[in-house]
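Here is the naming used below: chain letters follow the sequence lines, and residue numbers restart at 1 for every chain. Quantities reported herein were computed from a predicted structural model and do not represent experimental measurements.
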Number of protein chains: 2
Amino acid sequence: MDSIQTRIERSNNMIKIPTIRRLPRYLRVLQSLSSSGREFVSSETLASLLNIKPIVVRKDLAFTGISGKPRVGYSITHLISLIEGTINFKGKNTAFLAGAGNLGSALLGYNGFARHGLDIIAAFDVDPQKTDTTIHGKSIYPLERMPEIASRLNPYIGILCVPEESAQQVADIMIASGIKGIWNFSNKELNVPPDVVLQNEDLGAGLAILSIAIEKSSRP
Amino acid sequence: MDSIQTRIERSNNMIKIPTIRRLPRYLRVLQSLSSSGREFVSSETLASLLNIKPIVVRKDLAFTGISGKPRVGYSITHLISLIEGTINFKGKNTAFLAGAGNLGSALLGYNGFARHGLDIIAAFDVDPQKTDTTIHGKSIYPLERMPEIASRLNPYIGILCVPEESAQQVADIMIASGIKGIWNFSNKELNVPPDVVLQNEDLGAGLAILSIAIEKSSRP
DNA sequence: AAAATATTGATATAAAAATATCGATATGAT
DNA sequence: ATCATATCGATATTTTTATATCAATATTTT
């Protein structure tokens, strides 16, 4: 069994989910600061740009391993590089996308993924009208060819944009194709084996938070 | 100043963000259970459907005000109704959408919003090629007409899908149009006055979590 | 060179969220 | 009718996350 000491150390070293969520935000403002020619930035400045508290910034950045200088702040280029390293935005995250409907097509055309090191290398659909065409320059293949094409291209991530009814089935094909993680944009609760990582993207959640917050702020 | 007692009571009554995030998920599986003819469901069953622990379910559901029966569980229809009431998915959330590009168009065509009580009543763009057409049955108006049209239709929510460069500017127009909350799909950190609610939807965050989780699971 | 100051980062505290424990109770079994 | 059991919900505990405090230090000012 772990000693108390071991457990404390581990929990101190592990990067936390809320921190991970904020890292891409730091990255964006840092890139913007960098392109405007700035070299250093303080936790105070970053905090005000993200509407959070400076202490949160310092705690978050500590996880990347950066060391700031008192009275100067953090080196922007160094920080960008460390954050990119922390969230794997440097090494290419290769992905397959399944379901070239409205949302799937939009994601195929989303420029922001390049900045996040995500490369959608192939897309799949069951609709014969879509297969063997391209959408935003990405080839659409018949879904049944996924395992075969995966064995050549070795994708890491499966982006799931199919309707709920077929979500589990398509997820299973992704898993059989050797994908390591599924980014689930369908509103289906998926079952995946323990070695496959599942990240649910739920628009309903964001809308619910917004909706409740508006309700509260309108009658305080 | 608040007494300790007051503060404790308030913090116990206030619904928490993680709970709000899960409510739409409960709703979806409950609707599915309901349509398969079931009347009652236990916290254990809900938990296994969502891959969370039963105790989390019971705590979450307590916020909706439901009361379950020992050995039986919760009434599904009652629970659906209480959750919808809690997250305002019953009353209509009327919305304007700005930016009919890839993502904006996809959201205009997203059927899931109906289930969440969100009604996009008009969309706006600066591109003259898009304005005065419809996308997925929604009319696209010139951006400059937003304040005028808002004064007639009184939208609650502004869905922001414009490029980063113009995001703050368009957000300001939304705010001037009397919108109560902004659902920000751009990757810009926005400044909004305190009476306007801001909900950021950040794909980078989800990708970062996925990416780090995959990395960890592949070398444990 | 010394003093003043801004900023980091370590340590401590508080608040929020998840988890554990268990008594109370409604139902089904005996 | 009584007993056994599944399930809820109250209370307690632990873990995670956010926040506060302040000593250490690099820079600027005097």
Side-chain angles (χ1 to χ4, degrees), chain A residues 1-23 25-26 38-76 78-79 82 205 209 212, chain B residues 1-23 25-26 38-76 78-79 82 205 209 212:
Chain A
M1 201 190 79
D2 288 350
S3 73
I4 286 171
Q5 199 50 43
T6 313
R7 273 188 282 120
I8 286 170
E9 274 170 24
R10 184 190 299 150
S11 88
N12 283 345
N13 292 337
M14 277 239 286
I15 189 162
K16 298 296 169 22
I17 301 278
T19 296
I20 298 176
R21 299 191 69 85
R22 285 186 292 264
L23 289 180
R25 301 175 62 195
Y26 295 123
R38 247 178 105 159
E39 284 191 63
F40 289 87
V41 67
S42 67
S43 60
E44 173 93 29
T45 302
L46 280 175
S48 85
L49 288 169
L50 267 70
N51 287 307
I52 56 179
K53 308 243 167 110
I55 179 113
V56 176
V57 175
R58 293 202 294 275
K59 286 265 177 159
D60 285 346
L61 299 192
F63 280 110
T64 70
I66 195 141
S67 156
K69 279 193 198 178
R71 255 198 101 125
V72 176
Y74 304 92
S75 154
I76 290 176
H78 190 200
L79 194 43
L82 284 172
I209 295 173
I212 290 181
Chain B
M1 202 190 81
D2 288 350
S3 72
I4 286 171
Q5 198 50 43
T6 313
R7 273 188 282 119
I8 285 171
E9 273 171 24
R10 185 190 299 151
S11 89
N12 281 346
N13 292 335
M14 277 240 285
I15 188 161
K16 297 297 171 14
I17 301 278
T19 295
I20 299 175
R21 299 191 70 85
R22 284 186 293 265
L23 289 180
R25 301 176 61 196
Y26 295 123
R38 245 176 107 160
E39 284 191 63
F40 288 88
V41 67
S42 68
S43 60
E44 174 93 27
T45 302
L46 280 174
S48 87
L49 288 169
L50 267 69
N51 287 306
I52 56 180
K53 309 244 165 108
I55 179 108
V56 176
V57 175
R58 293 202 294 275
K59 286 265 178 159
D60 285 344
L61 298 191
F63 279 110
T64 70
I66 196 147
S67 157
K69 279 192 198 177
R71 257 196 100 123
V72 177
Y74 304 92
S75 153
I76 289 176
H78 190 199
L79 194 44
L82 283 172
I209 295 175
I212 290 181

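- A straight line from CD1 of B:I17 to C1' of D:dA18 spans 14 Å, rounded to a whole angstrom.
- Protein atom CG of A:D60 is 10 Å distant from nucleotide atom C1' of D:dA18, rounded to whole Å.
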Self-check item: Where protein sits on nucleotides 21-30 of chain C, one letter per nucleotide: B base, S sugar-phosphate only, - none, heavy atoms under 4.0 Å
Solution: B---BBBS--
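- As rounded to whole Å, 16 Å separates atom C1' of C:dA10 from atom CG of A:L61.
- Separating the CG atom of A:L79 from the C1' atom of C:dT8 is a distance of 14 Å, rounded to the nearest angstrom.
- Nucleotide D:dT30 forms a Watson-Crick or G-U wobble pair with C:dA1, both donor-acceptor distances falling under 3.5 Å.
- Between the C1' atom of D:dT15 and the CE atom of A:M14 lies a distance of 11 Å, rounded to the nearest Å.
- The phosphate of C:dG9 (OP1 or OP2) has a side-chain N or O of A:Y74 nearer than 4.0 angstrom.
- Protein atom CD1 of A:I66 is 16 Å distant from nucleotide atom P of C:dT7, rounded to whole Å.
- Contacts of A:S67 with the nucleic acid, taken as non-hydrogen atoms under 4.0 Å apart, involve only primed sugar atoms and P, OP1 or OP2.
- Taking CZ of A:R38 as the reference point, atom OG1 of A:T45 lies at 5.0 Å (rounded to 0.5 Å).
- DNA chain D lies under 4.0 Å from no heavy atom of any residue of residues 39-52 of chain A.
- Contact annotation for A:R21: no contact, since no heavy-atom pair falls under 4.0 Å across all strands.
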